[in-house]
Chemist: 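The structure that follows is given in the form of structure tokens.
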Amino acid sequence: MSSDKKQQLIQAGIDLFHRRGFWNTSTASIAKHANVATGTLFNYFPSKESLIDEVYLHIKIQLLEELSSSLLQLGEQQQAKPVIEALWYRYISWGIKHPVEHELLNQLKLSDLVSKEAQDRGMASFSEFHQQMQNWLGSGELKAMDTGYLGELMMAQMQVNINYAIGQNLADMALAKHVLLGFAVFWEGIKASSD
């Protein structure tokens, strides 16, 4: 089986799910959009639900690769602020460059369409960062809170920053100032004491 055809089908799913919604997109229209025979889709995905899971995981992996490159640049940095700040900038940059994937990922997270197994696989990809957040919370660098809450808070505020930047067509210095202000507001809310 060709991995190119599988990727074509995933990309067609992303495009059509974003434009038409999950319920208004048939497997036949996805196959047609991917320029493959309708039956070919079922060689790679036994159902529309399994394609939705793969779309979700594809976007999560794309995001993880973007964030991982940021962490590699930091090397052995262990303090919370520079790591969280680097992830903040990289995530927002990814969301602005990939608005369709960003919006679709948010829709999928809020829906009940992604299987528990796919959700668990997607979260496992971020287990190293979650462990680091637990370390920071335990060290007193951050206000005492649940790791899950901290992650949700960070995601929500990054999404607001992305949506505002896209909605206002921010670019260059205006975008940089916006992202910097957004991080400053977020950091003030989670840090344990003056840094």
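Keep in mind that this is a model prediction, so the values were computed, not measured.
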Chemist: Hey, what do you get for CG (L67) to CD (Q62), rounding to the nearest 0.5 Å?
Modeler: 11.0 Å
Chemist: Under the 3.5 angstrom rule, does the side chain of Q119 hit a backbone N or O of V114 as a donor-acceptor pair?
Modeler: yes
Chemist: Can L175 be reached from L181 by stepping across I, L, V, M, F, W or Y side chains whose heavy atoms are under 4.5 Å apart?
Modeler: no
Chemist: For Q8 and A34, work out which heavy atoms get closest and say how close.
Modeler: NE2-O, 2.8 Å
Chemist: Show the nearest heavy-atom pair for residues A31 and L9, with the distance to one decimal.
Modeler: CA-CD2, 4.1 Å
Chemist: Suppose the criterion is salt bridge (Lys or Arg N to Asp or Glu O under 4.0 Å): which pairs have a residue in residues 100-121, not counting sequence neighbours?
Modeler: K116-D120
Chemist: Would you say the side chain of F45 lies within less than 4.5 Å of the side chain of I52, judging by non-hydrogen atoms?
Modeler: no
Chemist: Within the distance-only criterion (no hydrogens, no angle test), does the side chain of H33 pair as donor or acceptor with the backbone N or O of L16 below 3.5 angstrom?
Modeler: no
Chemist: Judged by atom type as modelled, is there a donor-acceptor pair below 3.5 Å linking the side chain of K48 to the main-chain atoms of T25?
Modeler: yes
Chemist: Any heavy-atom pair between the side chains of L87 and M158 that's under 4.5 Å?
Modeler: no
Chemist: For the pair N135 and Q131, evaluate side-chain hydrogen bond (donor to acceptor under 3.5 Å, both in side chains) and give the outcome as yes or no after the intermediate values.
Modeler: CA-CA 6 Å; N135 294 342; Q131 180 59 52; 3.1 Å; yes
Chemist: Say whether M123 and L113 are linked into one hydrophobic cluster, either directly or through other cluster members, by side-chain heavy-atom distances under 4.5 angstrom.
Modeler: no
Chemist: Could you note down all residue pairs passing side chain to side chain donor-acceptor pair (under 3.5 Å) where residues 147-159 supplies at least one of them, sequence neighbours left out?
Modeler: N106-Q159
Chemist: From M145 CE over to I190 CD1, what is the distance, rounded to the nearest 0.5 angstrom?
Modeler: 6.0 Å
Chemist: Who else is in I61's hydrophobic cluster (ILVMFWY, side-chain heavy atoms under 4.5 Å, direct or via others)?
Modeler: none
Chemist: Could you tell me whether the side chain of L63 reaches within less than 4.5 Å of the side chain of H102, counting heavy atoms only?
Modeler: no
Chemist: Just verifying a value: how many Å separate Q7 CD and E54 CD, rounded to the nearest 0.5 Å?
Modeler: 9.0 Å
Chemist: Are any non-hydrogen side-chain atoms of L51 and T27 less than 4.5 angstrom apart?
Modeler: no
Chemist: My understanding is that a hydrophobic cluster links ILVMFWY residues whose side chain heavy atoms are under 4.5 Å apart, including indirect links. Using that, what else belongs to the cluster containing M173?
Modeler: none
Chemist: So, taking the atom named CG in D146 and the one named CD in Q134, what distance separates them when rounded to the nearest 0.5 Å?
Modeler: 8.5 Å
Chemist: With a 3.5 Å distance limit and no angle check, can you tell me whether N161 reaches the backbone of V179 through a side-chain donor-acceptor pair?
Modeler: no
Chemist: How are the rings of F183 and W88 set to each other: parallel, tilted or perpendicular (split at 30° and 60°)?
Modeler: perpendicular
Chemist: With no hydrogens and no angle check, is any side-chain donor or acceptor of K143 less than 3.5 Å from a backbone partner on G189?
Modeler: yes
Chemist: Is there a side-chain contact (heavy atoms from CB on, under 4.5 Å) between E85 and W187 once you walk through the steps?
Modeler: CA-CA 9 Å; E85 187 172 21; W187 182 251; over 6 Å; no
Chemist: Give a yes or no answer on whether the side chain of S139 reaches the backbone of W136 with a donor-acceptor pair at less than 3.5 Å.
Modeler: yes
Chemist: Does the side chain of Y89 come within less than 4.5 Å of L180's, by heavy atoms?
Modeler: yes
Chemist: Between G13 and I30, what is the shortest heavy-atom contact and its length?
Modeler: N-CG2, 4.0 Å
Chemist: Rounded to the nearest 0.5 Å, what separates atom CE in M155 from atom CG in L105?
Modeler: 6.5 Å
Chemist: Applying ring-ring contact (aromatic ring centres under 6.0 Å, His included), can you list everything that pairs with H98, at least two apart in sequence or on another chain?
Modeler: W94
Chemist: Check for a donor-acceptor pair, side chain of S68 on one end and backbone N or O of L64 on the other, with a separation under 3.5 Å.
Modeler: yes
Chemist: Would you name the heavy atoms of L57 and G122 that are closest together and state the gap between them?
Modeler: CD2-N, 3.7 Å
Chemist: Indicate, with yes or no, if L110 and I59 share a hydrophobic cluster defined by side-chain heavy-atom contacts under 4.5 Å among Ile, Leu, Val, Met, Phe, Trp and Tyr.
Modeler: no
Chemist: Where is the tightest heavy-atom contact between I96 and A165, given as atom of each residue plus distance?
Modeler: CD1-CB, 3.8 Å
Chemist: Hey, is the main chain of R90 close enough, under 3.5 Å, to the side chain of S93 for a donor-acceptor pair?
Modeler: no
Chemist: From L41 CG over to S50 OG, what is the distance, rounded to the nearest 0.5 angstrom?
Modeler: 7.5 Å
Chemist: Are L150 and V160 connected in a single hydrophobic cluster, I mean Ile/Leu/Val/Met/Phe/Trp/Tyr linked by side-chain heavy atoms less than 4.5 Å apart?
Modeler: no
Chemist: Do M133 and L153 share a hydrophobic cluster, counting only Ile, Leu, Val, Met, Phe, Trp and Tyr and linking them when any side-chain heavy atoms are less than 4.5 Å apart?
Modeler: yes
Chemist: Mind checking ring-ring contact (aromatic ring centres under 6.0 Å, His included) for F22 and listing every partner two or more places apart, or none if nothing turns up?
Modeler: F17
